[in-house]
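Data first, discussion second: the structure below is written as structure tokens.
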Amino acid sequence: MAAGCDAERRGPSTEQGSQPKSGAAAKADVTLYMRNVQFLAQRARVKAGETVLWKNSDTMAHTVTKQGGPGPESGSGTIAPGGTFAYTFK
């Protein structure tokens, strides 16, 4: 999965399933930020059941795309400036 910079790790997630979520901030185990037209953190290590939340802190839109690995491929669609996208890994 692609990721932004400045990862934060949180306590256990209350999110269930693996459906992408967008819009209002979701509870997350790891939060990644998109800034300065860059994805500085190329990877984040997460465990099954953990949720990653991407926050677009940039002035332009970004996307997050899962390719390969277990589970279906998925994507965030366009994340507008100030927007978020959350994904819970199975």
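Heads up: numbering here begins at 1 and tracks the sequence.
Taking both residues in full, the closest heavy atoms of Lys27 and Thr51 are given as O-CG2, 3.7 Å, listed atom of the first, atom of the second, then distance. In terms of heavy atoms, Met34 sits closest to His62 at SD-CB, 3.2 Å.
Put simply, OH on Tyr33 and CG on Leu53 are 8.0 Å apart, with the number rounded to the nearest 0.5 Å. Distance OG1/Thr59 to CG/Asn36: 8.5 Å, rounded to 0.5 Å. Here the OG atom belonging to Ser57 is positioned 5.0 Å from the CZ atom belonging to Arg35, to the nearest 0.5 angstrom.
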Apply side-chain contact (heavy atoms from CB on, under 4.5 Å) to the pair Ser76 and Trp54, showing each step before the final yes or no. CA-CA 10 Å; Ser76 63; Trp54 286 264; over 6 Å; no
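A side-chain contact (heavy atoms from CB on, under 4.5 Å) with Ile79 is found for exactly one of Asp58, Val64, Thr63, namely Val64.
Contact annotation: the side chain of Asp29 never approaches that of Val46 to less than 4.5 Å [non-hydrogen atoms, C-beta and beyond].
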